[in-house]
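First comes the structure, then the notes that go with it.
Numbers restart at 1 for each chain; the letters A, B, ... are given by sequence-line order, proteins then strands. Just so it is clear, the values below take in all heavy atoms, side chains as well, and ignore hydrogens, waters and symmetry mates. The model shown is predicted, which means the values in this text are computed figures rather than measured ones.
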There are 2 protein chains.
Amino acid sequence: MDNKTLFNKLITFTSSVLRVTNDLTKDVRPDIITQVQYEILDFIAVAKQPITLSEISDCIRISMPNASREIRKLGELHLVEKKSDVEDRRKQFIYLTKDGETMMKKVYQQIEFNFKNRMENASAEDLKEIERAVDILQTKLYF
Amino acid sequence: MDNKTLFNKLITFTSSVLRVTNDLTKDVRPDIITQVQYEILDFIAVAKQPITLSEISDCIRISMPNASREIRKLGELHLVEKKSDVEDRRKQFIYLTKDGETMMKKVYQQIEFNFKNRMENASAEDLKEIERAVDILQTKLYF
DNA sequence: TATTTTAATTATCAAAAGACAACTAAATGA
DNA sequence: TCATTTAGTTGTCTTTTGATAATTAAAATA
């Protein structure tokens with residue numbers, strides 16, 4: 001199978017991932033935060049490590065000024081905290097607060113509920129296959 | 001492996017897919033269209049079949065009024081055309097025009113270029129494995 | 001030490017996207 | 001046939017998001 005066909009499959013695949021993810025995350029975003037704010041919190045939560053403002057700005061592709069503004073708003077909602085790097089005091093590490101963690105935990109539980117609903121007809125063998133496939137793509141494509 | 005761990009992997013996986021897709025599609029959106037408009041065109045292009053306004057509204061999760069407005073704008077840019085269903089004349093099928101197809105073809109070529117750059121170190125065996133994994137996920141998870 | 005670069009902030013303005021009410025026209029169904 | 005539902009449209013207002021310039025403070029470097 002040549003590269004070209006793989007690429008075409010990937011276009012479809014990406015679109016499917018987006019569609020299903022959309023579906024699973026329908027209505028899980030708390031009303032007090034906006035879409036970008038949700039993306040930022042999700043990014044921080046999944047990263048599980050101190051993330052700087054620059055990294056957020058880079059990865060989610062919002063400008064530094066706008067990232068800074070949204071982080072400030074999330075701070076005002078007591079969902080994140082800033083702490084400057086002791087090595088380089090220009091850098092700001094962003095953390096979820098307890099409140100932020102609690103909120104995101106609830107979000108993921110809701111998504112998991114939707115996910116289990118979606119997969120209720122899948123066999124154990126199916127789930128194993130899915131897991132293997134996810135591992136492969138995670139390593140070889142989405143690193 | 002139990003469901004819970006698979007779910008956690010999927011959270012990470014989804015986040016990775018988003019990040020890499022973001023990366024591959026960086027700067028490919030033509031300046032004359034907005035982000036939502038790009039999403040709509042991409043949705044129509046990937047679907048490869050007549051799509052109604054309701055379906056666009058459903059899948060991309062924008063309200064009917066807003067979907068209608070964006071489609072009108074895309075029509076004014078000569079990128080899409082509407083054609084009412086002969087069976088049910090309330091329904092509007094949305095198509096890419098020649099211009100729309102040409103634009104999206106260029107977009108996908110650019111993404112493919114970025115993709116090939118990204119994968120230049122992958123072996124033929126890697127690519128085969130990736131393709132198998134994509135097929136599995138497409139069938140068993142992202143249907 | 002003086003200059004330049006980097007990380008982040010603040011303020012402001014413009015554009016995009018979302019929400020909602022009121023409407024038309026076609027289809028469905030009692 | 002008449003009421004109701006469905007698909008889409010139009011207009012308007014608000015909120016969110018994006019873009020840019022100016023600024024601060026720390027770090028790197030000449």
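A heavy atom lying under 4.0 Å from DNA chain C marks the following residues of residues 71-88 of chain B, by number: B:Glu87, B:Asp88. If you check residues 34-51 of chain B against DNA chain C, the residues with a heavy atom closer than 4.0 Å are B:Thr34, B:Gln35, B:Val36, listed by number.
Listed by first and then second residue, the ring-ring contact (aromatic ring centres under 6.0 Å, His included) pairs that reach into residues 23-53 of chain B come to none, sequence neighbours excluded. Here ring-ring contact (aromatic ring centres under 6.0 Å, His included) pairs that include residues 117-143 of chain B, with residues two or more places apart or in two chains, are A:Phe13-B:Tyr142.
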Quiz item: Can you check salt bridge (Lys or Arg N to Asp or Glu O under 4.0 Å) on A:Glu125 and A:Arg132, steps first, answer last?
Solution: CA-CA 11 Å; A:Glu125 184 47 46; A:Arg132 272 193 299 266; 3.6 Å; yes
When you compare the protein's N or O atoms with those of nucleotides 22-25 of chain D, which come within less than 3.5 Å of each other, and at what distance?
none

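For a distance-only test at 3.5 Å, the side chain of B:Arg69 qualifies as a donor-acceptor partner of the base of C:dG18.
Checking A:Glu70 against A:Ser63, the closest nucleotide of DNA chain D that is more toward the 5' end is the one next to A:Glu70.
No side-chain donor from either of A:Asp99 and A:Thr102 sits under 3.5 Å from a side-chain acceptor of the other. Using modelled atom types, one finds a donor on one side chain and an acceptor on the other under 3.5 Å when comparing B:Ser16 with A:Gln138.
Heavy atoms of A:Thr52 sit under 4.0 angstrom from primed sugar atoms or phosphate atoms, though from no base atom.
By the side-chain hydrogen bond (donor to acceptor under 3.5 Å, both in side chains) test, B:Asn66 is found to be paired with B:Ser63, B:Arg69, residues two or more places apart in sequence or in another chain being considered.
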